[in-house]
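Here is how names work: the chains are called A, B, and so on, in the same order as the sequence lines, proteins then strands, and each is numbered from 1. What you see is a predicted model, and the numbers here were worked out from it, not measured in a lab. Heavy-atom basis, side chains included; hydrogens, waters and symmetry copies ignored.
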2 protein chains.
Amino acid sequence: MKNNKFQAIYQELAKKLEEKELRVGEKLPSEHELMVQYHTSRETIRKALNLLAQNGYIQKVRGKGSIVLDRARFDFPISGLVSFKELAKKMGKSWVTKVHELNVVKPSDVLRESLGAEELWKVVRSRQVDGERIILDTDYFQTRHVPLLTEEIAEQSIYEHLENELGLSISFADKEVTVEEANPLDRELLDLNGLSHVVVVKSLVHLDDASPFQFTESRHRLDKFRFVDFARRMK
Amino acid sequence: MKNNKFQAIYQELAKKLEEKELRVGEKLPSEHELMVQYHTSRETIRKALNLLAQNGYIQKVRGKGSIVLDRARFDFPISGLVSFKELAKKMGKSWVTKVHELNVVKPSDVLRESLGAEELWKVVRSRQVDGERIILDTDYFQTRHVPLLTEEIAEQSIYEHLENELGLSISFADKEVTVEEANPLDRELLDLNGLSHVVVVKSLVHLDDASPFQFTESRHRLDKFRFVDFARRMK
DNA sequence: TAGTGGTCTAGACCACAGA
DNA sequence: CTGTGGTCTAGACCACTAT
């Protein structure tokens with residue numbers, strides 16, 4: 001990966017934990033031991049362990065050690081920071097993305113204020129998983145950062161295109177999950193099976209320099225929605 | 001608070017940011033400057049700033065500085081690590097908690113496996129906000145850690161009781177958000193207004209030593225559910 | 001080039017768990 | 001008491017932004 005020692009150690013340990021080289025409830029080697037193993041300083045080991053803790057692999061307990069947690073590692077944030085393609089792949093699902101709209105539009109007042117731009121790419125896509133259209137995504141991107149979008153790109157992964165081709169670095173997102181009544185577009189482009197409501201995930205995505213870059217509204221069929229979170233109390 | 005320098009600095013800076021002493025988009029003083037201001041080392045300042053970043057107050061940009069983010073600071077996780085009482089108070093809502101069941105039960109197989117106990121407190125409570133019963137909470141607690149629960153405690157805040165009276169320290173939770181069809185108990189104890197589904201938040205809450213302690217199923221009326229999240233890409 | 005944040009070190013002292 | 005993780009320091013070097 002990168003040149004960072006602590007990231008490398010994190011990834012090595014995370015891999016070991018995913019491959020269950022250590023059982024749930026057992027303890028990681030102590031920080032001192034890891035320090036020796038990896039020929040590095042204690043603070044560097046601690047950075048790696050803190051990453052593990054933040055990501056739910058371990059729980060550090062003073063005086064005892066680092067306990068391996070039972071984390072079903074299928075968890076991932078719905079939309080926003082992980083692309084739909086990655087998600088579907090991880091879940092081992094067959095999926096089809098269909099592009100319904102792709103053009104440059106003038107933003108509404110709310111969007112103009114959120115994204116601070118006079119021109120935005122608008123992309124409307126439905127997501128079909130196992131033969132059913134269950135997600136309807138509407139994305140708005142800054143034209144400033146994205147000169148060109150094509151149907152081919154939108155059908156594959158816009159995120160991959162942004163990060164790999166354009167070198168944009170996504171950093172963080174504010175997300176809001178609510179439930180709304182299905183609108184006519186939902187009824188047209190999703191297989192709702194008579195369900196009256198949809199789960200709506202709105203995300204405002206930012207780049208590394210903290211500038212707002214993308215707004216997404218993701219509308220999910222109720223019965224296919226699942227959101228898993230790992231909440232750690234602030235210390 | 002505690003004796004920790006970096007926590008104190010974090011709290012002081014967070015307070016300043018909440019009181020808008022710095023505007024969105026402006027920059028915090030540099031790490032070197034803060035180091036001098038607070039008579040401390042750079043790593044300590046960096047710990048405080050990392051806390052600010054983790055909690056969405058700032059975004060650190062290499063070569064530039066720490067940029068103040070526009071974070072509506074009303075965000076909080078729904079259920080699990082924040083008590084209903086805290087939540088309602090923050091939102092400035094009138095609320096009533098009604099206890100429908102409170103006793104010791106033998107756990108189901110799933111619960112026994114999750115919590116590893118042969119005896120659990122079961123508490124069923126409805127939450128009324130602004131005159132409407134919109135949330136139905138079912139909690140299971142380890143009797144091992146909680147010798148006594150009374151209706152009075154359950155009507156107020158069980159969390160306050162656990163942390164203040166019993167000295168238990170809650171640490172982290174796994175949460176799952178789904179939508180389910182309303183069941184007869186939902187219809188009886190909630191004002192559903194004909195809505196056919198409820199949002200279900202399941203949480204498995206752990207103590208500081210990583211032992212599972214509490215399982216909660218929180219059922220929310222669709223139209224009153226809102227979940228706000230701040231997602232940071234792993235680095 | 002000067003100023004910023006990012007990583008890393010080697011050491012110190014403290015708080016807590018367990019034998 | 002020993003071993004664990006938690007905090008803090010003073011310094012070094014690197015990578016990036018801006019001028």
Side-chain angles (χ1 to χ4, degrees), chain A residues 1-11 13 22 25-54 57-69 167-169 171-172 207-211 232-235, chain B residues 1-11 13 22 25-54 57-69 167-169 171-172 207-211 232-235:
Chain A
M1 306 293 142
K2 282 194 191 167
N3 254 342
N4 310 30
K5 242 185 212 178
F6 78 92
Q7 302 245 17
I9 297 173
Y10 162 72
Q11 277 159 7
L13 291 174
L22 282 163
E26 286 186 22
K27 286 204 272 277
L28 243 51
S30 74
E31 295 180 350
H32 182 77
E33 234 171 297
L34 290 169
M35 208 174 103
V36 176
Q37 270 184 40
Y38 287 97
H39 304 288
T40 185
S41 70
R42 189 165 158 230
E43 286 292 355
T44 297
I45 292 294
R46 285 178 56 73
K47 274 193 194 174
L49 293 187
N50 283 334
L51 263 188
L52 287 174
Q54 271 172 37
Y57 288 96
I58 63 170
Q59 170 79 354
K60 305 175 81 181
V61 183
R62 181 170 4 207
K64 286 194 189 169
S66 296
I67 299 169
V68 177
L69 293 185
L168 293 175
S169 179
S171 162
F172 65 95
L207 298 179
D208 257 0
D209 65 356
S211 64
R232 208 163 258 289
R233 199 176 186 90
M234 198 208 77
K235 274 200 267 207
Chain B
M1 306 291 142
K2 283 196 193 166
N3 254 343
N4 310 33
K5 242 186 210 178
F6 79 91
Q7 301 245 18
I9 297 173
Y10 161 73
Q11 277 159 8
L13 290 174
L22 281 164
E26 286 185 21
K27 287 204 272 279
L28 242 52
S30 75
E31 295 180 351
H32 182 77
E33 235 172 296
L34 290 170
M35 208 174 103
V36 176
Q37 271 184 40
Y38 286 98
H39 304 287
T40 185
S41 70
R42 192 166 156 229
E43 286 293 353
T44 297
I45 291 295
R46 285 177 56 72
K47 274 194 195 171
L49 294 187
N50 283 335
L51 263 188
L52 287 174
Q54 271 172 37
Y57 288 97
I58 62 171
Q59 169 79 354
K60 305 175 81 180
V61 184
R62 162 138 61 176
K64 287 193 187 167
S66 296
I67 299 170
V68 177
L69 294 184
L168 293 176
S169 179
S171 162
F172 65 93
L207 298 179
D208 256 359
D209 65 355
S211 64
R232 206 162 260 287
R233 199 178 186 87
M234 197 209 77
K235 274 202 267 210

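- To the nearest 0.5 Å, atom NZ of residue K5(A) and atom NE2 of residue H39(A) are 9.5 Å apart.
- Atom pair Q7(B):CD and dG6(D):P shows a separation of 12 Å (rounding to whole Å applied).
- The distance from atom CG of N50(A) to atom P of dT7(C) is 13 Å, rounded to the nearest whole Å.
- To the nearest 0.5 Å, atom OG1 of residue T40(B) and atom CZ of residue F6(B) are 11.0 Å apart.
- The CZ-C1' distance, from R46(B) to dT9(D), rounds to 15 Å in whole Å.
- Going from atom CG of N4(A) over to atom P of dG6(C) covers 11 Å, rounded to whole Å.
- Protein atom CD1 of I45(A) is 13 Å distant from nucleotide atom P of dT4(D), rounded to whole Å.
- Proximity note for S41(B) (side chain, C-beta onward) versus dG5(D), dG5(C), dA10(D): the nearest is dA10(D).
- Residue K5(A) places at least one side-chain N or O closer than 4.0 Å to OP1 or OP2 of dT9(C).
- Minimum interatomic distance between V61(A) and D209(B) (heavy atoms only, all atoms of both residues): CG2-CA, 3.9 Å.
- Rounding to whole angstrom units, OH of residue Y38(A) and P of dC8(C) are separated by 14 Å.
- The structure places CZ of F172(B) at 4.5 Å from CG of L69(A), a figure rounded to the nearest 0.5 Å.
- If you find the closest nucleotide of DNA chain D to T40(B) and to S66(A), the one lying nearer the 5' end belongs to S66(A).
- Remark: M35(A) CE to S41(A) OG distance equals 7.5 Å, nearest 0.5 Å.
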Determine, for nucleotides 11-19 of chain D in 5'-to-3' order, which nucleotides have protein heavy atoms under 4.0 Å from the base (write B), from only the sugar-phosphate (write S), or from neither (write -). -B--BBSS-

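- For E31(B), taking side-chain heavy atoms from C-beta onward, the closest of the listed nucleotides dC8(C), dG6(C), dT7(D) is dG6(C).
- Proximity of S30(A) to the phosphate of dG3(D): no side-chain N or O atom is located under 4.0 Å from OP1 or OP2.
- Here T44(B) reaches the OP1 or OP2 of dT9(D): one of its side-chain N or O atoms lies under 4.0 Å away.
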